[in-house]
Amino acid sequence: MSIKPPLTSLPIKTEDKGFYSGFNINITVTSKLAVGSLVLWAIAFPDQAAAVLGTLNSFILENFGTWYIYAMASFICVCFALAAWPAAGRLKLGQQADTPEFSNFSWFSMMFGAGIGVGMLTWAVAEPVYHFKNNPDVIQGIVDGATQANYLNAFKWSYLHWGFSAWASYAIAGLALAYFSYRRGLPLTIRSSLTPLFGKALSGPLGNIVDIVAVIATILGVAQTLGFGVEQFVAGMSRIGIGEWLVDADGNASTMGIIVAVIVIMGASTLSALSGVGKGIKWLSNLNMGLSIFLLAFLMLFGSTWFGMEALFVGTWEYILALPEMMLTVYHSDGQEGTADKLAGWQGAWSVFYWAWWVAFAPFVGLFLARISRGRTVREFVLGALIVPALMCFVWFSFSGGTAIDLELSGVANGAIFGVPDGDKIFAMVQVILGDTLGWMMAVVIVILLMTYLVTSADSAVLIVNTINAAGDEGPKARPHIIFWGVALGAVVVALLLVGGLGAIRTAMVIGALPFSLVMVLMAVSLLKAIYRDGLREKEGVPSTKLEEARAAES
């Protein structure tokens, strides 16, 4: 039976005039009501909100942990399969004559800055330090925690969370969106990536639901990132002597510190979002990449270079060897408060949390990656969005975390790094290395770098949410809507931090990510189906892109 051309038109209703001109009112209003209700509920009934969110979170971790683990493993397999599949790898994300809009440096800068920069500054030191003390190998008695023998294990488990798994979820989302938008001319929005499975039905309520789920997941995923960033930003401001009143007696951000930091960050990000991707976001991304390279070079030269090299090369090798087992092993609690319980607790608090975080972040990063990747091939996109950022994370973690652990093992730090909150660890580390004066100067650089990462993530998220609400329209959006989502994102961070700190944001994010995890799996299936059928179309001479279809119609 002859194969038909693909779907190249997916009408999505938008308003012709009024306040919501250019926007799909069902998606936009429903998303605003959902996010606004969460904020008002958290502020008006904080105890009830904390209890309900906590119950839902426990239910999800208990019943859907396995789902998250296998879903993330499938994303990695699909990405490497697409890169290795000759017929798929050479396909261009666009028409044959399209060329990349951005240079490789700007492409990597925007991709890295939007995708992982803020969390990296917090966790590149804090996570290896934590896993140095405790991880599944320690829990099972294979090695003792906080010893030299556990050093490489600390990085193996850190790389699990920040390596191929994170970037595979982003790559799947970005590749699916770019493929269907730039090859088939469909709107640059989440629903378009599911057209091989659901067809024209996505023009109506089904497509609206998909996009609403993506908007909510995006807001909660970015709120998680900003929550970590706000805590670290306040710690940095305190370190450099600006606003010591922003922290409490325990060194954590105070209520006023949270509010001030969010106002500064979201104000700057909203202004950047108003300028668009080609101006504000591009220049901020290039700036934070330059500062990142400077900070990394400092750690490589003046930190624990040998420890970092060992963590990078040997740790990466051990990660690759152990990846299949780490990626597919599911720990189950037996209710006996023994090893099985501890392993399940560790996996829920770390791996499952991270998988939910990356899934919640995927519509934002994926759509952003698609937006900046037109004209690149499937193989170029997959390898560029999967391998390069993962290796950058490994380098960051090895020299940052490696230096911190070495300074503590040698007794030089004497608890100055291990004994402070997670967001403050990187500031404590540079002060141990450089002393008070130079340490203060480096802290200023880190605060500026953190600020650029926070602003880049927030303004990118605002633009992406508006793109989804506007049925995939990449052009300028009405200023009031950009301002609304900037304020709404900041309000979510403040409300949930005040209700229950980072734990409340984490809980809301895990809940919001679950529906979109199903969408992500369907996106992977849809993408594989589309590429396979496009191969059949090529063999039979059937058009597979919008341009080919138009030329065939003319002839």
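Counting heavy atoms from C-beta on, the side chains of Val382 and Phe80 never come closer than 4.5 Å. Side-chain contact between Leu450 and Gln232: present, with at least one pair of heavy atoms (C-beta onward) separated by less than 4.5 Å. Contact check for Ser165 versus Trp355: side-chain heavy atoms found under the 4.5 Å cut-off. For the pair Leu220 and Phe516, the minimum side-chain heavy-atom distance is 4.5 Å or more. Side-chain contact check for Leu434 versus Phe302: every heavy-atom pair is 4.5 Å or farther apart. When side chains are defined from C-beta on, Phe180 does not count as touching Leu188, because their heavy atoms never get closer than 4.5 Å. Put simply, the side chain of Ser193 does not reach to within 4.5 Å of the side chain of Leu527, judged on heavy atoms. Residues Tyr182 and Lys92 are not in side-chain contact: their nearest non-hydrogen atoms beyond the backbone lie 4.5 Å or more apart.
In this structure, Lys425 NZ and Leu121 CG are separated by 15.0 Å, a value rounded to the nearest 0.5 Å. Phe64 CZ to Leu518 CG: the interatomic distance, rounded to the nearest 0.5 Å, is 10.0 Å. The structure places OG1 of Thr316 at 11.5 Å from CG of Leu323, a figure rounded to the nearest 0.5 Å. Note that CD of Glu62 is 11.5 Å distant from NE2 of His332, once rounded to the nearest 0.5 Å. Taking CH2 of Trp167 as the reference point, atom CD1 of Ile172 lies at 14.5 Å (rounded to 0.5 Å). Rounding to the nearest 0.5 Å gives a distance of 9.0 Å between CG of Asn57 and CE of Met509.
At least one donor-acceptor pair closer than 3.5 Å links the side chain of Thr147 to the backbone N or O of Asp144. Checking side-chain atoms of Ser238 against main-chain N and O of Val234 turns up no donor-acceptor pair under 3.5 Å. Judged by distance alone, the side chain of Thr122 and the main-chain N or O of Gly423 form no donor-acceptor pair under 3.5 Å. Side chain of Arg379 to backbone of Ala83: a donor-acceptor contact under 3.5 angstrom is found. Distance alone, capped at 3.5 Å, places no donor-acceptor pair between the Thr329 side chain and the Met326 backbone. The main-chain N or O of Pro136 is found under 3.5 Å from a side-chain atom of Gln140 such that the two form a donor-acceptor pair. The backbone N or O of Phe307 lies less than 3.5 Å from no partner atom in the side chain of Ser304, so there is not a single donor-acceptor pair. In this structure a side-chain-to-backbone donor-acceptor pair under 3.5 Å is missing from Glu408 to Ala413. Using a distance-only test at 3.5 Å, with no hydrogens or angles considered, a donor-acceptor pair links the side chain of Ser398 to the main chain of Val395. Between the side chain of Trp396 and the backbone N or O of Ala124, no donor-acceptor pair lies under 3.5 Å.
With sequence neighbours excluded, the residues forming a ring pair (Phe, Tyr, Trp, His ring centres under 6.0 Å) with Tyr319 are Phe164, Phe394, listed by chain and number.
With no hydrogens or angles considered, a side-chain donor-acceptor pair links Tyr453 and Ser292 at under 3.5 Å. In the model, Trp107 has a side-chain atom that pairs as donor or acceptor with a side-chain atom of Ser373 under 3.5 Å. For the 3.5 Å distance criterion, the side chains of Trp157 and Asp137 qualify, holding a donor opposite an acceptor. Defined by atom type and a distance below 3.5 Å, a donor-acceptor pair is missing between the side-chain atoms of Tyr159 and Glu127. Checking Gln431 against Asp436 by side-chain atom types alone, a donor-acceptor pair falls below 3.5 Å.
Using bins of under 30°, 30° to 60° and over 60° for the plane-to-plane angle, the ring pair Tyr170/Phe361 lands in the tilted bin. Ring-plane geometry between Phe228 and Trp357 is classed as tilted, the angle between the planes lying from 30 to 60 degrees on a 0 to 90 degree scale.
When all heavy atoms of Ala223 and Val492 are compared, the closest pair comes out as CB-CG1, 3.8 Å. The two residues Ala235 and Asp424 come nearest to each other via the heavy atoms CB-OD1, 4.0 Å. For Phe102 against Arg376, the heavy-atom pair with the smallest separation is O-NH2, 3.1 Å. Residues Leu177 and Gly366 come closest through the heavy atom pair CD1-C, 3.8 Å. Arg506 and Gly348 make their closest contact through NH2-O, 3.9 Å (heavy atoms, listed as atom of the first residue, atom of the second, distance).
Tested against Arg239 for a side chain to side chain contact (heavy atoms under 4.5 Å, CB included), the candidates Val420, Val444, Ile446 yield a single pass: Val420.
We find that Arg90 and Glu380 are not joined by a salt bridge, their nearest charged nitrogen and carboxylate oxygen being 4.0 Å or further apart.
In the displayed structure, Asn414 atom CG is contacted under 6.0 Å by at most 12 heavy atoms of other residues, nucleotides or ligands. Residue-environment remark: CE (Met327) exceeds the threshold of 12 foreign heavy atoms within 6.0 Å.
Both tests pass for Lys133 against the ring of Phe418: distance under 6.0 Å to the centre and angle within 45° of the axis. Cation-pi geometry between Arg183 and Tyr179 is met: the NZ or CZ atom falls under 6.0 Å from the ring centre, inside 45° of the normal.
Applying the side chain to side chain donor-acceptor pair (under 3.5 Å) definition to pairs two or more places apart or across chains, those involving residues 509-526 are Trp67-Ser517. A side chain to side chain donor-acceptor pair (under 3.5 Å) check over residues 339-352, counting only residues at least two apart or in different chains, returns the pairs His161-Ser351, Ser333-Asp341.
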Would Leu449 and Leu295 satisfy side chain to side chain contact (heavy atoms under 4.5 Å, CB included), going step by step from the backbone distance to the final call? CA-CA 9 Å; Leu449 175 59; Leu295 180 57; 3.9 Å; yes
Check step by step if salt bridge (charged side-chain N to carboxylate O under 4.0 Å, His left out) holds for Glu101 and Arg371. CA-CA 10 Å; Glu101 178 183 358; Arg371 168 64 185 82; 3.1 Å; yes
Test side chain to side chain contact (heavy atoms under 4.5 Å, CB included) applied to Leu93 and Leu175, step by step: CA-CA 8 Å; Leu93 300 177; Leu175 185 58; 3.7 Å; yes
Would Asn135 and Ile139 count as a side chain to side chain contact (heavy atoms under 4.5 Å, CB included) here? Give the steps. CA-CA 6 Å; Asn135 60 59; Ile139 294 172; over 6 Å; no
Criterion side-chain hydrogen bond (donor to acceptor under 3.5 Å, both in side chains) on Tyr130 and Trp123, from CA distance to verdict: CA-CA 10 Å; Tyr130 181 92; Trp123 294 108; over 6 Å; no
After noting the C-alpha distance and the side-chain angles of Ile60 and Tyr68, does the key distance pass the side chain to side chain contact (heavy atoms under 4.5 Å, CB included) rule? CA-CA 10 Å; Ile60 289 172; Tyr68 272 121; 4.2 Å; yes
